[in-house]
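Given the structure is predicted, the values throughout are model-derived calculations rather than measurements. One-based numbering, in listed order, for ligands and for the atoms of each.
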Amino acid sequence: MKIGILSSGGDCPGINATIRGVGKTAINRYGMDVIGIHNGFSGLLHKDISTLTDASLSGILTLGGTILGTAREKEFRKILKSPDRSDRDKIKTAYKELELDCLVCIGGNGTQRTTWQLSELGLNVVGIPKTIDNDVYGTDITFGFQSAVDIATDAIDRLHSTASSHQRVMVIELMGHHAGWITLYAGMAGGADVILLPELGYDMKVIVDVLNKRKKSGKAYSIVAVAEGIEVKGGTGGHHPATYFAREIERLTGIETRETVLGYIQRGGSPSPSDRNLGTLMGGHAVKLIHNKRFGRMVSIKGIDKITDVPLEEVADKLRLVTRDHIMVKQGKRLGISFGK
Ligand code: F6P
């Protein structure tokens, strides 16, 4: 068999471990030919490829980013949506000309939807979920998430000493457009006092009361962790949510407040050991699916040690979000952490 691998959407730590997991398993266990497709789905269309060998896949396990390149794919999605059949046929022709038996697509929600659409076009595809946001529906965890939580937790840890020295409130904004998983897990691990998530909303009065109460009880400083995707009533005036909350908190409490926006650092650098292993396991499972001709599925992790797969159809257009009754939220509340409401 001959398979192609591509990565699409925002990068995250662990993609290279996954490419290696797919490629080495395909070559060494099943004797398949493997090609890497560059810069996402547009690389498929333009047949921008390179051959992957056991040797070329060595030394990439610990590397951040993706050796194949990635893209946000607006143009490719336009083609898939186009009423003109001949546009979509170009995709099928490219797949045929590359003599592929299956295409492995590594990506987040958007990528899994596109992968499903390719399956609907009649191509053999397998999806592997990746994102630091951990919001892909149909899997309990995606690689990239744990690495991002490690980085975000380290950042919160470092804010404690400067917050304490100056007796300030520190607001830290973490990634997560729709889902607050990074903020929830890093906020809990870093001992944040207030955790604000897009899924749960907030009430400014509650936040102000919590911070005033902490100060009154002799606690010199406070940490507020906020997810970038939180919806601010009336808008942020073009600012980051962290800037908005820092200004409002200072105005309403009188406590000196500073903000930090961690940004792309959360997506960069070497994957954590657990993300390396997760990518390796997911890559291997994708190849098993291909060998057994079980196409149109996405690799999925259930619990802490069960690797399985789900139909792409079930995954497309859905998000996995934090819920009010999640164990981390419930335990946070028991500890006295405020979730802003
Ligand atoms: O998908 C992960 C993510 O990191 C989001 O949390 C963030 O909003 C988004 O990517 C931004 O990525 P880009 O600027 O690459 O579109």
Please report the C-alpha distance between Asp325 and Val329 in whole Å, then the side-chain angles of each, then the deciding distance to 0.1 Å, and finally whether the side chain to side chain contact (heavy atoms under 4.5 Å, CB included) criterion is met.
-> CA-CA 7 Å; Asp325 60 354; Val329 176; over 6 Å; no
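- Near Arg267, with a cut-off below 4.0 Å to any heavy atom, the atoms of ligand 1 are 3 (C), 4 (O), 9 (C), 10 (O), 11 (C), 12 (O), 13 (P), 15 (O).
- A cation-pi contact links Lys233 to Tyr202, judged by a cut-off of 6.0 Å to the six-membered ring centre and 45° from its axis.
- Remark: ligand 1 atoms within the under-4.0 Å shell around heavy atoms of Gly176 are 6 (O).
- Closest to atom 14 (O) of ligand 1, if we only count protein heavy atoms, is Tyr264 OH, 2.4 Å.
- Here the heavy atom of the protein found nearest to atom 13 (P) of ligand 1 is Arg72 NH2, 3.2 Å.
- Among all non-hydrogen protein atoms, the one lying nearest atom 2 (C) of ligand 1 is Asp133 OD2, 3.4 Å.
- Under a 4.0 Å criterion applied to the non-hydrogen atoms of Ile132, ligand 1 contributes the atoms 4 (O).
- Using modelled atom types, one side-chain atom of Ser147 and one backbone atom of Ser272 make a donor-acceptor pair closer than 3.5 Å.
- Applying the 4.0 Å criterion to heavy atoms of Glu228 picks out, from ligand 1, the atoms 5 (C), 6 (O), 7 (C), 8 (O).
- The distance between the ring centers of Tyr221 and His166 does not fall below 6.0 angstrom.
- Checked for salt-bridge contact, Lys24 and Asp54 meet the test: a charged N lies under 4.0 Å from a carboxylate O.
- The single protein non-hydrogen atom nearest to atom 4 (O) of ligand 1 is Met175 SD, 3.1 Å, given as residue, atom name and distance.
- When each of Lys130, Glu73, Gln112 is checked for a side-chain hydrogen bond (donor to acceptor under 3.5 Å, both in side chains) with Ser8, only Glu73 meets the rule.
- His291 and Arg29 share no donor-acceptor pair across their side chains, judged by distance under 3.5 Å alone.
- Close contacts between ligand 1 and His177 involve ligand atoms 6 (O), 8 (O) [criterion: under 4.0 Å to a heavy atom].
- Contact annotation: for Trp181 versus ligand 1, there are no heavy atoms closer than 4.0 Å.
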